[in-house]
Amino acid sequence: MSETTETMETQNGEQDSSTPKKRSKEDVLEIVIALFLGITALATAWASWIGSLHGGNMSTNYTRSNNLAADGNARWNEASQAMMQDMQVWNLISEYEVELMYAADSGNEEQLGESAYKIYFICSDNLTDAMAAKIGYDFDFDVDDIVNWVLNDELAVTSPFSDPEYVESYYTDARKVLAESEALLAEGQTDNTKGDTFNLVTVIYSVVLFMLGIVGTFRRLPNRVFITAVAIAGFLLGTVYMFTIPLPTGFNFLSFFGG
């Protein structure tokens, strides 16, 4: 009888040892916490990295913007100086044109030729192609052509600086460079905003890591489950928010590995 009982106990013991035990709720919770600790740590590293890339783009764009702004301002000053020089040339041309027209009205052929020669040499040495086209002057003009041009062509006696479009043409190149500078500045500001947003995501993840780290200090299982649930909700919120933020301009993950 005793042998039979021992045999049954032995068989029951073998069955108990071979039957897998179910994991308790605490074991499952610990696995979930460990899993989300690892995922959150990786997500935090990712958000920090992308935020730093945005910061790098911001610095690059700000630097390029400042360089272009300096170049644009220099071009603006050069354009202003060029326009002032052309205005001085035009004042001289206008002065000699008045002499030429007066000589023509008074029949003074000598003064007429002298004034035409003055205009010829002023235009040959100082007149730009753009201004020559604006006032209808041809660099192949001889003295007689200049006399005919002044007396018969309205463009010859019309100041090119009375046309706002012509005045604006001096600054076209400078405005283009300054516009590019402003565009890069705006892009840098956008990168700054995106970088700050990724930093905010990093803060959210840090809070999640903190909450997951203190779960073990609570003895009651419901409290631990509640804290874990809040941490997971924060992780999901931060992750969804992070995916709404565009990646840095020109970002290519494979490029960091030579791809």
Side-chain angles (χ1 to χ4, degrees), residues 56-192 248-250:
N57 285 351
M58 176 200 69
S59 299
T60 300
N61 287 328
Y62 279 167
T63 301
R64 293 176 59 194
S65 175
N66 290 334
N67 292 339
L68 285 174
D71 184 28
N73 289 329
R75 293 174 186 239
W76 188 280
N77 292 334
E78 290 176 359
S80 297
Q81 292 176 359
M83 186 175 69
M84 291 298 297
Q85 292 175 355
D86 287 347
M87 290 180 71
Q88 292 175 354
V89 172
W90 171 251
N91 290 336
L92 287 175
I93 293 174
S94 298
E95 180 181 345
Y96 296 143
E97 285 179 340
V98 171
E99 292 180 359
L100 187 149
M101 288 185 288
Y102 178 79
D105 289 340
S106 61
N108 189 338
E109 294 294 332
E110 182 178 353
Q111 182 64 42
L112 185 67
E114 182 179 342
S115 299
Y117 268 115
K118 289 179 180 179
I119 294 174
Y120 173 80
F121 285 111
I122 287 294
C123 292
S124 297
D125 295 338
N126 301 282
L127 197 63
T128 63
D129 292 337
M131 189 171 173
K134 185 64 180 177
I135 63 177
Y137 182 83
D138 191 333
F139 288 100
D140 292 330
F141 279 170
D142 57 19
V143 173
D144 294 334
D145 293 328
I146 290 175
V147 171
N148 182 63
W149 168 63
V150 172
L151 297 179
N152 299 304
D153 192 342
E154 185 177 354
L155 292 176
V157 293
T158 303
S159 173
F161 302 99
S162 61
D163 184 0
E165 292 185 2
Y166 178 75
V167 174
E168 184 65 24
S169 66
Y170 281 89
Y171 301 97
T172 300
D173 188 41
R175 288 188 185 278
K176 181 179 179 180
V177 175
L178 290 174
E180 188 177 352
S181 171
E182 291 177 359
L184 285 172
L185 177 62
E187 188 174 346
Q189 292 172 340
T190 301
D191 287 324
N192 183 39
T249 304

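Nothing here was measured: the structure is a model prediction, and the numbers come from that model. Note that these values count all heavy atoms, side chains included, but never hydrogens, waters or copies made by symmetry.
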Does the distance from a Lys or Arg side-chain N to an Asp or Glu carboxylate O, for Glu114 and Lys118, drop under 4.0 Å? yes

For residues [X] and [Y], determine if any side-chain heavy atom of one lies less than 4.5 Å from a side-chain heavy atom of the other.
| X | Y | result |
| --- | --- | --- |
| Tyr170 | Ser80 | no |
| Leu178 | Arg175 | no |
| Thr60 | Asp191 | no |
| Tyr137 | Met131 | no |
| Val143 | Tyr120 | no |
| Leu127 | Ile93 | yes |
| Phe139 | Asp129 | yes |
| Asp86 | Met83 | no |

Drop me the distance from [X]'s [atom1] to [Y]'s [atom2], to the nearest 0.5 angstrom.
| X | Y | atom1 | atom2 | result |
| --- | --- | --- | --- | --- |
| Ser115 | Glu110 | OG | CD | 10.5 Å |
| Asn192 | Asn57 | CG | CG | 11.5 Å |
| Ile122 | Tyr117 | CD1 | OH | 15.5 Å |
| Asn61 | Leu68 | CG | CG | 10.5 Å |
| Leu112 | Asp105 | CG | CG | 10.0 Å |
| Leu100 | Ile146 | CG | CD1 | 8.5 Å |

Keeping [X] on the side-chain end and [Y] on the backbone end, is there a donor-acceptor pair under 3.5 Å?
| X | Y | answer |
| --- | --- | --- |
| Asn73 | Ala69 | yes |
| Asn91 | Met87 | yes |
| Ser169 | Tyr166 | yes |
| Asn77 | Ala74 | no |

Take Trp149 and Asp138, measure what side chain to side chain contact (heavy atoms under 4.5 Å, CB included) needs, and give me the verdict at the end. CA-CA 9 Å; Trp149 168 63; Asp138 191 333; over 6 Å; no

Identify the heavy atoms of Asp71 and Val177 that sit nearest to each other, and give their distance. OD2-CG1, 4.0 Å

Please find the pair of heavy atoms, one from Gly188 and one from Met58, that lie closest to each other, and give the distance. O-CG, 3.3 Å

Under a 3.5 Å threshold, yes or no: a donor from one side chain and an acceptor from the other, between Thr172 and Glu168? no

With Trp90, the side chain to side chain contact (heavy atoms under 4.5 Å, CB included) member among Glu97, Lys134, Glu95: Glu97

